[in-house]
Amino acid sequence: MTNLKLIACGMGLPKKVVTNEDMAKTVDTSDEWIYTRTGIRARRFCDEGESNFTMALEAAKNAIAAAGITPDEIGCVVCATFTPDYLTPSLACLLQLHLGLSEDIPALDVNSACTGFIYATTVARGFLDQSDREYALVLGVEQLSRVVDMTDRATCVLFGDGGAAAIYKKSESAAFDSFLGAKGSTEITCGGISREIVPSPLWMNGKEVFRFAVGAMYRCITDLMERNQLTWEDVDHVVCHQANARIIDRCIHKLKAPEEKFYKNMDHLGNTSAASIPLAIAELEEAGRIKAGDKLLLIGFGGGLTWGGALITYGGK
Ligand code: COA
């Protein structure tokens, strides 16, 4: 099967920044409580005129421009999201319409909650393998402010909105591996959505999910490294789902891993579910901290319960 390399990313973030102090004006909480338990200081929330789709469109346009390709070169579009504007058409089909992508390519949404970007990457690899085209457009996008109960302090302080897109290119030589897992569970649930009404908002068993997340992260990293015979010398960046700084720190400690290789951005974006991994890669790219040939471990875990790991190579622009 064809390997992929990631050649460029793009972000689509809402403008409104909501700090912990802002949250404390509406629910009984404090910056101190939120920051010490999660590492989060602020998040973005969509405002009037912004939505899952607008973030996705901006992210996709930025990624296509950064990759220096034209939309008709794209062989598939796969969007990881569980908060789309519409259940149908899918976000992927909306992007196909608005970006002018070819009509004869697969376009679909993947719902694997916070592991979504790893699932979407794996699906895109399968599609590209059967395509004459060279490029895949893969997104992680969430408008979690739409499904969170803003009066429930146990959840509303944790999440944020955002989207990011990645352009993958077929590559014979790039190191690539991915694996996925799931264990059906209702420890994290979210009911149906509409524009105005949330029949049953996002809920989770925080303590159980914390335990699961540390275990899943540890397993994904050790499995990926063993399967690909990697040492820490071979790994340039570890990009984990940005749920909570304490989950990542606990895992670094358990693995005795080099802390500086683990990127964190939940301090200013909160937990953006499927968007968190591509947003983190896009930030690394924007900061000039990632170079052609770098090897990244991507680690996702979350609702489902699902988990997944990917070894990818950054190809540069
Ligand atoms: N501000 C202040 N107090 C809060 C609060 C908030 N935002 N949210 C909950 N509390 C209170 C609780 O009501 C409870 O009070 P009580 O002891 O009087 O009943 C107390 O803080 C402790 O609550 P608890 O839920 O036990 O806290 P915790 O230490 O487990 O931390 C999480 C809560 C959510 C931060 C933690 O469980 C966690 O990070 N879980 C993983 C969640 C996650 O990342 N999920 C996404 C995975 S994809």
Side-chain angles (χ1 to χ4, degrees), residues 18-43 45 80-83 110-120 140-145 147-162 180-190 201-220 239-254 262 264-267 269-280 298-309:
V18 180
T19 63
N20 290 347
E21 285 82 6
D22 294 329
M23 297 301 295
K25 288 178 195 152
T26 53
V27 285
D28 182 12
T29 190
S30 65
D31 175 56
E32 198 268 335
W33 193 96
I34 300 168
Y35 185 70
T36 53
R37 280 174 179 76
T38 68
I40 297 167
R41 289 263 191 225
R43 71 289 291 145
F45 284 160
T81 186
F82 74 96
T83 53
V110 166
N111 172 354
S112 316
C114 308
T115 319
F117 188 73
I118 315 279
Y119 271 72
V141 190
E142 302 288 8
Q143 188 180 354
L144 296 168
S145 62
V147 297
V148 161
D149 176 354
M150 289 295 174
T151 65
D152 175 13
R153 67 178 181 172
T155 51
C156 70
V157 300
L158 304 174
F159 298 100
D161 298 338
L180 307 168
K183 168 183 110 165
S185 157
T186 51
E187 299 291 9
I188 304 177
T189 57
C190 182
L202 188 61
W203 173 89
M204 75 179 161
N205 179 344
K207 282 198 193 319
E208 269 312 307
V209 172
F210 193 102
R211 248 191 301 277
F212 155 74
V214 174
M217 227 182 106
Y218 179 85
R219 252 195 343 269
C220 285
V239 179
C240 300
H241 168 48
Q242 304 285 309
N244 182 321
R246 284 193 308 148
I247 294 176
I248 297 179
D249 290 343
R250 189 77 64 89
C251 197
I252 292 172
H253 180 74
K254 236 175 126 180
F262 287 68
K264 288 187 206 148
N265 67 4
M266 73 288 284
D267 60 331
L269 292 180
N271 176 349
T272 56
S273 190
S276 84
I277 291 174
L279 276 170
L298 311 184
I299 308 296
F301 49 84
L305 295 171
T306 55
W307 61 88

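For ligands, and for the atoms within them, numbers begin at 1 and follow the listed sequence.
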Chemist: Regarding atom 41 (C) of ligand 1: of the candidates Cys156, Gly303, Gly206, which has the closest heavy atom?
Modeler: Gly206

Chemist: When you check the side-chain N and O atoms of Thr83 and Glu142, is any donor under 3.5 Å from an acceptor?
Modeler: yes

Chemist: Counting heavy atoms only, which of Arg246, Lys207, Met23 comes nearest to atom 26 (O) of ligand 1?
Modeler: Lys207

Chemist: Minimum distance, heavy atoms only, to atom 2 (C) of ligand 1: which one of Trp307, Phe301, Trp33 is it?
Modeler: Trp33

Chemist: Among all protein non-hydrogen atoms, which one is nearest to atom 48 (S) of ligand 1, and what is the separation to 0.1 Å?
Modeler: Cys114 SG, 3.4 Å

Chemist: Identify, by atom number and element, the atoms of ligand 1 in contact range of Asp28, meaning under 4.0 Å from any of its heavy atoms.
Modeler: 1 (N), 2 (C)

Chemist: Looking at Val110 and Gly116, what are the two nearest heavy atoms and their distance?
Modeler: CG1-O, 4.4 Å

Chemist: Go through ligand 1 atom by atom and flag the ones less than 4.0 Å from a non-hydrogen atom of Val209.
Modeler: 45 (N), 47 (C)

Chemist: Give the atom numbers and elements of ligand 1 that come within less than 4.0 Å of a heavy atom of Gly302.
Modeler: 48 (S)

Chemist: Where the closest heavy atom to atom 45 (N) of ligand 1 is concerned, which of Met204, Gln242, Glu32 has it?
Modeler: Met204

Chemist: If you have a sec, work out which protein heavy atom is nearest atom 12 (C) of ligand 1 and how many Å separate them, to one decimal?
Modeler: Arg153 NH2, 3.8 Å

Chemist: Using a strict cut-off of 4.0 Å, indicate which atoms of ligand 1 neighbour a heavy atom of Phe210.
Modeler: 38 (C), 39 (O), 40 (N), 41 (C)

Chemist: Provide the number and element of each atom of ligand 1 under 4.0 Å from a heavy atom of His241.
Modeler: 48 (S)

Chemist: Considering the heavy atoms of Asn271, write down every atom of ligand 1 situated less than 4.0 Å from one of them.
Modeler: 46 (C)

Chemist: With a 4.0 Å cut-off on heavy atoms, is Ala213 in contact with ligand 1?
Modeler: no

Chemist: Examine the proximity of ligand 1 to Ile247 and report which part, side chain or backbone, both or neither, has a heavy atom under 4.0 Å away.
Modeler: side chain

Chemist: With heavy-atom distances below 4.0 Å as the criterion, list the atoms of ligand 1 near Thr29.
Modeler: 1 (N), 2 (C), 6 (C), 7 (N)

Chemist: Starting from atom 31 (O) of ligand 1, find the nearest protein heavy-atom neighbour and note its residue, name and distance.
Modeler: Arg37 CD, 3.8 Å

Chemist: Among all the protein's non-hydrogen atoms, which is closest to atom 35 (C) of ligand 1, and how far away is it?
Modeler: Thr38 CG2, 3.9 Å

Chemist: At a 4.0 Å threshold, what atoms of ligand 1 neighbour a non-hydrogen atom of Ala154?
Modeler: 8 (N)

Chemist: Establish, from distance only, whether the side-chain atoms of Asn244 and Arg250 form a donor-acceptor pair under 3.5 Å.
Modeler: no

